[in-house]
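Step one of this worksheet: look at the structure below.
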Amino acid sequence: MAEIVREFQLAAPAEWSARFNIAPTQSVLTVTQEVGGPRVGRCMQWGLIPSWAKDRSIANSLINARAESVADKPSFRAAFKRRRCLVVADGYYEWQKGGKAKQPFHIHFPGNRPFGIAGLWESWGDDHLETCTLITTEANETTRPIHDRMPVILDPPDFTTWLESPSEDRDKLLALLRPDGANQLVADVVSTYVNNPRHEDPECLTVNRPLF
DNA sequence: CCAGACGTTGTT
DNA sequence: GTCTGG
DNA sequence: CCAGACGTTGTT
DNA sequence: GTCTGG
């Protein structure tokens, strides 16, 4: 948490403990910031529920939002204008499909430096349930062999722009939604142990063999 | 005007 | 909530 | 994302 | 095949 507070310049530590296999509908750590306000770390449920949704089942479909259309899609455009966030991670899983087999990879930076994924959030229902979605874009050189999409990983200098820009800066915001340009990511083959969402321990990160 | 949709992923 | 299709 | 379920009736 | 739950 100390590393996260420093990297994201949080005003205070957040309530959070290590996770190894976060599935959609479960809690993720996010960062939000009102214009001119402090950076706040808060937990939200992964899977966006728009304000107009009659029930929460739509969350299963809205775990990702495409950068190419996020500003216009009815499910996302309101959040794109007013409720942008960062989702904190030090790695993510991507599955490579070959026939029936689903080979998971653990994708991370050297040293597992935490990073911020561009996201959107909403508050839903009388209980003000806070939910979020991750924005995806085309894959970069490292991740393309595994899958054609990847999360938008923002450079720390762009955090403020993403979190605080007024809604009329649409083009400026969309320009941030690019693949990781520095291409410093590492992709490790891991065991299919991680394929079971009930498996939630460090064994999920065990490297099977080098990629190359 | 009202009714109905509103999403991504991957696979075919 | 807001847009599209009928 | 993956894993696992996928149904109605009536009865306790 | 497609939906739900985690």
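Order of the sequence lines sets the chain letters (A, B, ...), proteins ahead of strands, with each chain counted from 1. Only this structure's heavy atoms are used, side chains among them; waters, hydrogens and symmetry mates stay out.
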Pick out the pairs of N or O atoms, protein on one side and nucleotides 2-6 of chain E on the other, that lie under 3.5 Å.
{"from": "dG5(E)", "atom 1": "N7", "to": "Asn60(A)", "atom 2": "OD1", "distance (Å)": "3.3"}
{"from": "dG6(E)", "atom 1": "N7", "to": "Pro24(A)", "atom 2": "O", "distance (Å)": "3.2"}
{"from": "dG6(E)", "atom 1": "N7", "to": "Thr25(A)", "atom 2": "OG1", "distance (Å)": "2.9"}

List the atom pairs, donor and acceptor, that lie under 3.5 Å between side-chain atoms in residues 10-22 of chain A and the rest of the protein, sequence neighbours left out.
{"from": "Arg19(A)", "atom 1": "NE", "to": "Glu200(A)", "atom 2": "OE1", "distance (Å)": "3.2"}
{"from": "Arg19(A)", "atom 1": "NE", "to": "Glu200(A)", "atom 2": "OE2", "distance (Å)": "3.2"}
{"from": "Arg19(A)", "atom 1": "NH2", "to": "Gln26(A)", "atom 2": "OE1", "distance (Å)": "3.0"}
{"from": "Arg19(A)", "atom 1": "NH2", "to": "Glu200(A)", "atom 2": "OE1", "distance (Å)": "3.0"}
{"from": "Asn21(A)", "atom 1": "ND2", "to": "Val194(A)", "atom 2": "O", "distance (Å)": "3.1"}
{"from": "Asn21(A)", "atom 1": "ND2", "to": "Asn196(A)", "atom 2": "O", "distance (Å)": "3.3"}
{"from": "Asn21(A)", "atom 1": "ND2", "to": "His199(A)", "atom 2": "O", "distance (Å)": "2.8"}

Mind listing the N/O atom pairs, protein and nucleotides 1-6 of chain B, below 3.5 Å?
{"from": "dC6(B)", "atom 1": "O3'", "to": "Ser75(A)", "atom 2": "OG", "distance (Å)": "3.2"}

**Request:** Following the transitive rule for hydrophobic clusters with a side-chain heavy-atom cut-off under 4.5 Å over Ile, Leu, Val, Met, Phe, Trp and Tyr, establish whether Met1(A) and Val40(A) coincide in one cluster.
**Result:** no

**Message:** Nearest whole Å is fine: how far is dT9(B) P from Ile135(A) CD1?
**Reply:** 12 Å

**Whole-Å gap separating P (dG1(C)) and CH2 (Trp124(A))** = 14 Å

**Intra- and inter-strand pairs of DNA chain B in dot-bracket (Watson-Crick or G-U wobble, both distances under 3.5 Å; | for another strand)** = ||||||......

**Item:** Residues in side-chain hydrogen bond (donor to acceptor under 3.5 Å, both in side chains) contact with Asp180(A), at least two apart in sequence or another chain
**Value:** none

With a cut-off of 3.5 Å and sequence neighbours excluded, list every side-chain donor-acceptor pair involving residues 126-134 of chain A.
{"from": "Glu130(A)", "atom 1": "OE1", "to": "Arg42(A)", "atom 2": "NE", "distance (Å)": "3.4"}
{"from": "Glu130(A)", "atom 1": "OE1", "to": "Arg42(A)", "atom 2": "NH2", "distance (Å)": "3.2"}
{"from": "Glu130(A)", "atom 1": "OE2", "to": "Arg42(A)", "atom 2": "NH2", "distance (Å)": "2.6"}
{"from": "Thr131(A)", "atom 1": "OG1", "to": "Ile49(A)", "atom 2": "N", "distance (Å)": "2.9"}
{"from": "Thr133(A)", "atom 1": "OG1", "to": "Leu62(A)", "atom 2": "O", "distance (Å)": "2.9"}
{"from": "Thr133(A)", "atom 1": "OG1", "to": "Ile63(A)", "atom 2": "O", "distance (Å)": "3.0"}
{"from": "Thr133(A)", "atom 1": "OG1", "to": "Asn64(A)", "atom 2": "N", "distance (Å)": "3.2"}

**Asked** What closest approach, in Å, do Thr32(A) and Leu163(A) show between heavy atoms, and which atom pair accounts for it?
**Response** CA-CD2, 4.4 Å

**Message:** What contact category does Ser69(A) fall into here, base, sugar-phosphate, or nothing, at under 4.0 angstrom with non-hydrogen atoms?
**Reply:** sugar-phosphate

**Asked** Looking for any heavy atom pair under 4.0 Å, which part of the strands does Phe76(A) touch: base, sugar-phosphate only, or nothing?
**Response** sugar-phosphate

Are any of the side-chain heavy atoms of [X] and [Y] separated by less than 4.5 Å?
| X | Y | result |
| --- | --- | --- |
| Pro110(A) | Val186(A) | yes |
| Glu3(A) | Pro114(A) | yes |
| Gln9(A) | Pro156(A) | no |

**Request:** Classify the ring geometry between Phe8(A) and Phe159(A) as parallel (under 30°), tilted (30 to 60°) or perpendicular (over 60°).
**Result:** parallel

**Spacing of the C1' atoms in dT9(D) and dG1(E) (rounded, Å)** = 26 Å

